[in-house]
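Below is one structure, written out as structure tokens; comments come after it.
Everything quoted here is computed from the prediction, not taken from an experiment. Throughout, a chain's letter reflects where its sequence line sits, starting with A, and its residues are numbered from 1.
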Amino acid sequence: MQELPSNYNYKETEDKIYALWEEAGAFKPVIDPNQKPYTIVIPPPNVTGSLHMGHALNNTIQDILIRRSRMRGVPTLWIPGTDHAGIATQNVVEKKLAKEGKTRQELGREEFTKEVWDWVDQYGNTIIGQLKKMGCSCDWSRQRFTMDEGYSEAVKVAFKNYYDKGYIYQGERVINWCTRCQTALSDIEVEHIDQNAKLYFFKYDKNFPITIATTRPETKLGDTGVAVNPKDKRYQDYIGKTFKVNFCGVDREIRVFADISIDITFGTGAVGVTPAHSLVDYEMAEKNGLDIIKVIDQYGKMTKEAGTEFEGLKATEAQAKVIEMLEKAGLMEKVEEIQNAISVCYRCNRPIEPQPSKQWFLKMSELAKPAIEAVKSGQIKFTPDRWTKVYLDWMENLRDWCISRQIWWGHTIPIEGETDVLDTWFSSALWPFATLGWPNKTEDLKYFYPTTTLSTARDIIYLWVARMIFSGLEFTNEIPFSQVYIHPTVFNKEGKRMSKSLGTGVDPLELIEKYGADATRFGLTYINTGIQDLKFDEEAIGAGKKFANKLWNITRFMLMSICHSGPDGSGTGIQENDNLDSRSGCQPVWNDKMEPRTEADKIILEKLNAVIKSTDKNLDEFKFGQAAHDLYDFVWHDLADVYIEESKVTANGHPEPKSGEGTPDFSVLLYVIVTSIKLLHPIMPFVTEEIWQKLYEDKLVDERMLITAKWPKAQE
RNA sequence: GGUCGCUUAGCUCAGUUGGUUAGAGCGCUUGCAUCACACGCAAGAGGUCACUGGUUCAAAUCCAGUAGCGACCACCA
């Protein structure tokens with residue numbers, strides 16, 4: 001028997017245990033053709049990324065599911081990997097170049113791309129190392145990257161398939177343009193931020209009969225129409241008429257037309273229509289055959305079309321000038337303060353400048369149908385259930401997807417002469433099957449696909465989850481996964497979004513350093529109720545650390561009691577009628593068929609059975625917080641506070657109950673501890689494995705490692 | 001504007017299909033170096049379950065409404 005230190009030391013344990021698992025190949029699934037496998041694909045973090053609290057939570061969740069499945073004897077695969085993250089990565093490398101006084105344009109495309117690859121080679125595995133630190137049991141031999149060779153091939157095949165079917169087309173239309181990133185963006189890559197704005201009321205010129213209202217007067221240089229509500233009595237006489245105006249020195253023809261979408265009560269009820277610089281106006285212009293005049297260019301500067309007075313000015317400068325000219329001419333009627341939403345780029349937060357541009361689109365109408373059906377029919381189930389509606393609402397109102405990007409880092413569109421790359425989400429949409437070898441019919445693909453559970457954050461339901469569903473159905477004729485778990489968002493203590501740049505974030509690696517990976521995992525699981533978003537408080541992690549120590553000391557108590565002399569050198573904790581293993585003479589054994597000898601034994605065994613049941617139920621239903629609570633309560637309050645306290649041996653080494661309710665049976669105690677650490681292993685893999693190793697050394701357990709030990713089964 | 005979520009102890013949150021004295025973590029009070037653990041043990045204080053009305057023998061729980069907070073979607077220029 002060994003002497004254990006009185007406190008659990010995670011720093012000396014975690015890396016050692018992780019190495020033990022890796023050396024044993026414990027993360028690789030054992031393929032059994034007769035069994036249905038359990039598969040999770042990791043939401044691939046950006047190669048530029050480093051672990052944040054959202055990752056920590058989500059990967060804890062996945063590791064819990066994976067580890068339990070593995071212990072149940074199911075062939076279990078967790079595929080890891082990273083995403084090339086087009087714009088995000090390009091921006092990171094551009095920033096690095098900027099520090100060296102260089103731009104990507106100076107380098108040229110080929111050199112720049114090489115720079116990015118170098119960057120990826122050097123830093124791309126940072127987050128992978130961090131996942132290992134957390135204890136994630138991914139099969140690293142199957143690690144993928146969305147730009148690795150095979151994956152790039154999959155992207156090409158996917159594109160060609162869509163193209164041949166006529167789903168992909170090129171078209172000139174108004175798209176979301178980021179003047180900083182110099183690329184088109186899809187509708188969902190645009191974020192809306194509320195802001196205070198000024199609403200300017202004016203006429204184009206003295207002869208124009210209608211006053212319009214706008215927050216961006218400079219765009220009005222490109223107006224070719226005014227839209228009013230068909231029911232608006234004020235403007236009936238003008239509908240259908242075209243007026244020649246001179247607006248700030250620029251001659252324009254403005255046609256007044258009716259459109260049902262116009263709000264009579266807002267502004268003057270008349271909207272200046274700028275087809276080139278508003279998606280909505282563009283649609284109205286198409287319906288009504290209005291001219292499209294581009295007055296702002298891709299850099300956010302005024303074009304020649306905007307007139308000689310404005311050409312070359314930045315949009316903000318042009319705005320000031322337009323306002324000044326309108327005021328001088330006495331055309332400005334009033335200015336109101338309003339709240340509106342500004343569109344910004346989701347990657348750089350700069351305002352979006354919508355403009356006409358030739359782009360590639362993926363037609364969504366046909367693809368959306370089966371993806372809607374798969375969820376409606378229950379083949380794919382969202383947890384919590386409320387996300388089903390969010391998904392369906394979006395899928396049923398889809399516009400075509402702009403898939404081309406004018407950046408350099410990504411999959412070049414596989415058409416001769418094309419220099420644009422594909423939206424990074426085009427490739428990540430293929431993740432569940434491309435990681436398994438698609439388009440090749442590999443053994444992995446045949447066996448592990450469709451995957452089982454997808455766990456992810458709610459903010460990528462549209463960007464990623466929805467697109468995996470229709471892509472999976474299109475390319476494999478199967479759903480890519482059957483369960484989607486949407487985890488809560490982790491906010492800081494004040495309920496604000498965690499942000500590195502604002503310094504409002506918490507670094508999970510610091511928590512691991514300070515409390516241990518198990519404590520971090522337990523704390524996050526403990527507060528994950530599944531319903532509410534999390535206001536993260538470090539105290540929960542502290543509780544996790546204490547709990548790991550408690551587990552350690554419960555084991556220590558048992559080991560010190562079994563086959564151990566009392567303090568005065570006499571006696572042992574073992575009693576004559578304990579169930580002893582004949583192999584050594586002092587190893588207690590217990591199995592389900594034995595009858596508990598005392599009331600205390602009976603009670604703890606009943607409670608243990610109840611917690612086995614509740615853990616299975618909770619994890620099946622993705623109630624992670626509840627699972628952690630139940631296990632914590634059982635171990636601390638039932639096992640330690642009651643069972644162990646009441647069965648302590650007295651100072652003379654003779655086993656006597658504290659409260660008279662029977663004597664301790666160490667075979668029962670061992671059984672309860674072993675079962676408890678099995679149940680806790682998915683949440684706290686390191687400390688439980690370390691305890692297991694101690695038990696194994698003392699021949700108290702048979703299986704070599706807890707990670708592959710058999711999951712407990714409840715008795716009916 | 002639409003949709004959804006939240007409001008329970010000082011703080012962060014649980015509370016399964018409505019059913020005895022509403023729970024946990026952390027914090028707080030008092031006592032304790034007992035040979036598993038002071039990252040601990042024992043005892044304890046602390047709640048009109050946002051508000052209003054309704055259903056019921058019974059409501060934190062179901063229904064309606066009000067207020068506040070939050071998220072997402074949306075073409076309010």
- Could you check whether A:K389 gets within reach of a base, just the sugar-phosphate, or nothing at all, counting any heavy atom under 4.0 Å? sugar-phosphate
- Query: If you check the A:I262 side chain, which of B:G25, B:C13, B:A77 turns out closest?
  - Reply: B:A77
- Message: Tell me if the aromatic rings of A:F382 and A:W387 count as close, with their centers under 6.0 Å from one another.
- Response: no
- Could you tell me whether A:I554 contacts a base, only the sugar-phosphate backbone, or nothing, with contacts defined as non-hydrogen atoms closer than 4.0 Å? base
- Message: At 4.0 Å (heavy atoms only), tell me whether A:F547 reaches a base, stays on the sugar-phosphate, or touches nothing.
- Response: nothing
- Identify whether any heavy atom of A:Y462 sits under 4.0 Å from a base atom; if not, whether one sits that close to sugar-phosphate; answer base, sugar-phosphate or nothing. sugar-phosphate
- Message: Within the 4.0 Å heavy-atom criterion, would you say A:I461 contacts the bases, only the backbone, or no part of the nucleic acid?
- Response: nothing
- Check whether any side-chain heavy atom of A:L524 sits under 4.5 Å from a side-chain heavy atom of A:F536, and report yes or no. yes
- Per A:R386 side chain, nearest of listed nucleotides B:C75, B:C4, B:C39: B:C4
- Message: Please tell me if A:R399 has a side-chain N or O lying less than 4.0 Å from either OP1 or OP2 of B:C75.
- Response: yes
- Task: Using a 4.0 Å heavy-atom cut-off across all strands, classify A:H637 as base, sugar-phosphate, or nothing.
- Result: sugar-phosphate
- Message: Within the 4.5 Å heavy-atom criterion, are A:E606 and A:D638 side-chain neighbours or not?
- Response: no
If you restrict it to nitrogen or oxygen atoms, what contacts under 3.5 Å exist between nucleotides 6-11 of chain B and the protein, and what is each distance?
| residue | atom | partner | partner atom | Å |
| --- | --- | --- | --- | --- |
| B:C6 | O2' | A:Q532 | OE1 | 3.4 |

- Residue A:T214, side-chain heavy atoms: nucleotide from B:C37, B:A77, B:A24 that is nearest: B:A77
- Touch class at under 4.0 angstrom, heavy-atom based, for A:G516 against every strand present: nothing
- Task: Could you tell me whether A:Y632 contacts a base, only the sugar-phosphate backbone, or nothing, with contacts defined as non-hydrogen atoms closer than 4.0 Å?
- Result: sugar-phosphate
- Listed in order of residue number, which residues of residues 284-294 of chain A have a non-hydrogen atom at under 4.0 Å from RNA chain B? none
- Note on the structure: Side-chain atoms of A:R497 come closest, of B:C72, B:C4, B:C37, to B:C72
- Is any side-chain N or O of A:K198 closer than 4.0 Å to OP1 or OP2 of B:A77? no
- Could you check whether A:N340 gets within reach of a base, just the sugar-phosphate, or nothing at all, counting any heavy atom under 4.0 Å? sugar-phosphate
- Rounded distance in Å between the P positions of B:A9 and B:G47: 10 Å
- Query: With sugar-phosphate meaning primed atoms plus P, OP1 and OP2, does A:D281 contact a base, only sugar-phosphate, or nothing at under 4.0 Å between heavy atoms?
  - Reply: nothing
- Item | Phosphate contact (B:G40 OP1 or OP2) by A:K546 side-chain N/O below 4.0 Å | yes
- Message: Applying a 4.0 Å non-hydrogen cut-off, can you work out what A:A548 is touching in the nucleic acid: base, sugar-phosphate, or nothing?
- Response: nothing
- Task: May I ask you to say what A:A543 touches in the nucleic acid, namely base, sugar-phosphate or nothing, with a heavy-atom cut-off under 4.0 Å?
- Result: sugar-phosphate
- A:F266 side chain: which of B:C13, B:A77, B:A24 is closest? B:A77
- Query: Is any side-chain nitrogen or oxygen of A:W636 closer than 4.0 Å to OP1 or OP2 of B:A36?
  - Reply: no
- Walk me through it: do A:F361 and A:W401 pass the test side-chain contact (heavy atoms from CB on, under 4.5 Å)? CA-CA 5 Å; A:F361 295 88; A:W401 175 12; over 6 Å; no
- Message: Mind checking if A:R458 touches a base, just sugar-phosphate, or nothing, with heavy atoms under 4.0 Å?
- Response: sugar-phosphate
- Picking from B:A77, B:A42, B:C13, which would you name as closest to the side chain of A:K535? B:C13
- Query: When all nucleic acid strands are considered with a 4.0 Å heavy-atom cut-off, which category describes A:Q626: base, sugar-phosphate, or nothing?
  - Reply: sugar-phosphate
